[in-house]
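It should be emphasised that the depicted structure is a prediction, and the values quoted were computed from it without experimental measurement. All ligand and atom numbering here is 1-based and tracks the order in the structure.
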Amino acid sequence: MRKIIHIDADCFYAAVEVRDNPKLRGKPIAVGGNAERRGVIATASYEARKFGIRSAMASATAMRRCPELILIPGRMSAYREASRAMHAIFTDYTDLIEPLSLDEAFLDVSNCKLCRGSATLIAREIRKRISQSIGITVSAGIAPNKFLAKVASDWNKPDGQYVITPGEIESFLAGLPVRKIWGVGKVTAARLEKVGIRTCGDVRQYGLFQFVQQFGSFGEHIHKLACGIDDRPVVSQWRRKSISVENTYPKDLADLPACLDKLPELIESLDRRMEKLDQDYQINHSFLKMKFNDFSQTTVERQHCNPTLEDLSMLCEQAWQRGQIPVRLLGVGVKLNDLTETGGQMELFEK
Ligand code: DCP
Ligand code: MG
């Protein structure tokens with residue numbers, strides 16, 4: 001049984017605007033094009049949604065519905081930056097990340113050992129970290145497959161999460177409108193409604209064979225999802241550039257020997273993380289990060305294809321020489337070549 005999390009930020013562009021200008025908090029705002037220039041709304045804050053303002057609506061219509069609406073032009077670079085920061089948090093839990101848009105992604109956390117392996121706790125921790133370090137809220141759906149996780153992330157929006165355990169799938173789907181199924185738009189929904197099908201539960205009343213006969217091959221897709229069956233994998237196109245571990249120590253490390261003492265356990269947890277990498281990664285550098293107790297920090301790196309304790313001890317000594325005061329944080333890591341990007345291993349050997 002897989003554990004899939006679907007994350008979706010709450011009124012994403014608007015949330016970034018409110019974060020960067022707290023005076024906007026609690027007010028009806030929207031991000032979008034100028035009403036005079038036939039602009040459209042990209043998104044609206046929840047306060048603005050109370051007036052019926054929605055994505056893709058003409059800005060002129062939005063202004064009519066809510067004359068005090070504060071309309072803000074978009075800042076794509078800020079949204080991209082927030083999206084990147086969210087992604088960086090996801091990578092602490094899994095490499096199987098499939099972004100659907102800037103503010104939305106599937107995570108397959110089936111093999112994640114953090115948070116006692118509980119997807120519910122992982123989602124909660126991710127949401128907390130995003131809110132604390134990025135300053136926006138996201139909602140999450142947790143389920144055994146993508147379809148259910150995506151539906152679930154909408155259930156307790158904003159700033160909430162919803163879990164569908166395997167045992168709850170049937171009752172969850174019983175009352176779920178077929179419109180919630182991907183690809184079922186107005187037209188299909190109307191066709192289904194004609195034969196009395198309104199919910200996924202209604203679809204289940206039909207056998208698969210009968211359903212396909214009546215609705216064609218798309219019927220098979222609908223029937224499977226309505227029964228809670230969705231085997232589509234989380235497809236990650238994202239590739240790592242580096243992998244690292246670090247630790248902030250409860251008591252500062254007083255001197256170089258104290259730092260060197262901590263290296264073996266850091267290397268061990270780095271090794272554990274590297275075991276999960278696929279064969280298409282190749283190490284090209286190793287690095288060591290040191291943060292001193294005055295909060296200054298330094299990183300030293302060296303070309304290596306497989307760093308040993310001796311190699312990292314040397315880096316540690318170099319880093320220490322740059323500060324020579326107690327150390328609060330130590331980190332070790334490697335930078336990676338992605339062989340799938342350089343044309344694959346075979347080609348490398350043939351050159
Ligand atoms: N977006 C857009 N045009 C649309 C829909 C969305 O430009 N027609 C942009 C603005 C949104 C972002 O994409 O902030 C994310 O889209 P969502 O559908 O996830 O909507 P929000 O995150 O804004 O709101 P919600 O809280 O409902 O997820
Ligand atoms: Mg969103």
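- In terms of protein heavy-atom proximity, atom 6 (C) of ligand 1 is nearest to A42 O, 3.6 Å.
- The protein reaches atom 22 (O) of ligand 1 closely, with a heavy atom under 4.0 angstrom from it.
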Exercise for the section: Could you give me the CA-CA distance, side-chain angles and deciding distance for D8 and S139, then say whether side chain to side chain contact (heavy atoms under 4.5 Å, CB included) is met? Expected result: CA-CA 5 Å; D8 187 325; S139 298; 5.5 Å; no
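- Protein heavy atom nearest atom 14 (O) of ligand 1, with residue, atom name and distance: Y13 N, 3.0 Å.
- Annotation: atom 16 (O) of ligand 1 to nearest protein heavy atom, D103 OD1, 4.0 Å.
- Considering only heavy atoms from C-beta on, L309 comes within 4.5 Å of L263 through its side chain.
- Judged by distance alone, with hydrogens and angles left aside, the side-chain atoms of R273 form no donor-acceptor pair with the main-chain N or O of I243 at under 3.5 Å.
- Side-chain contact check for H87 versus P99: some heavy-atom pair is nearer than 4.5 Å.
- At under 3.5 Å, a nitrogen or oxygen of K157, whether backbone or side chain, sits near a nitrogen or oxygen of ligand 1.
- The name of the N, O or S atom in D103 nearest to the Mg ion (ligand 2) is OD2.
- Metal site remark for the Mg ion (ligand 2): D8 contributes an N, O or S atom at a distance under 2.8 Å.
- Only one option out of I122, I5, I97, L96 pairs with F90 in a side chain to side chain contact (heavy atoms under 4.5 Å, CB included); it is I97.
- F147 has its side chain within reach of R232: a pair of non-hydrogen atoms, C-beta onward, lies under 4.5 Å apart.
- At least one heavy atom of R49 sits under 4.0 Å from some atom of ligand 1.
- The distance from ligand 1 to the heavy atoms of D10 drops below 4.0 Å at these ligand atoms: 26 (O).
- Residue contacts with ligand 1 for A9 involve N, CA, C or O but no side-chain atom from C-beta outward (heavy atoms, distance under 4.0 Å).
- Proximity to F12 (heavy-atom distance under 4.0 Å) selects the following atoms of ligand 1: 14 (O), 21 (P), 22 (O), 23 (O).
- A donor-acceptor pair under 3.5 Å links the side-chain atoms of Y281 to the main chain of R240, judged by distance alone.
- Distances below 4.0 Å separate heavy atoms of C11 from the following atoms of ligand 1: 21 (P), 22 (O), 23 (O), 24 (O), 25 (P), 26 (O).
- Distance alone, capped at 3.5 Å, places no donor-acceptor pair between the R19 side chain and the I136 backbone.
- Proximity of a side-chain donor or acceptor of Y206 to a complementary backbone N or O of D202 within less than 3.5 Å is not detected.
- In this structure, Y46 has a heavy atom closer than 4.0 Å to ligand 1.
- Atom 11 (C) of ligand 1 has T43 CB, 3.7 Å as its closest protein atom, hydrogens excluded (heavy atom only).
- Between S55, P158, A56, it is S55 that holds the heavy atom closest to atom 5 (C) of ligand 1.
- For V138, every N, O or S atom stays at 2.8 Å or more from the Mg ion (ligand 2).
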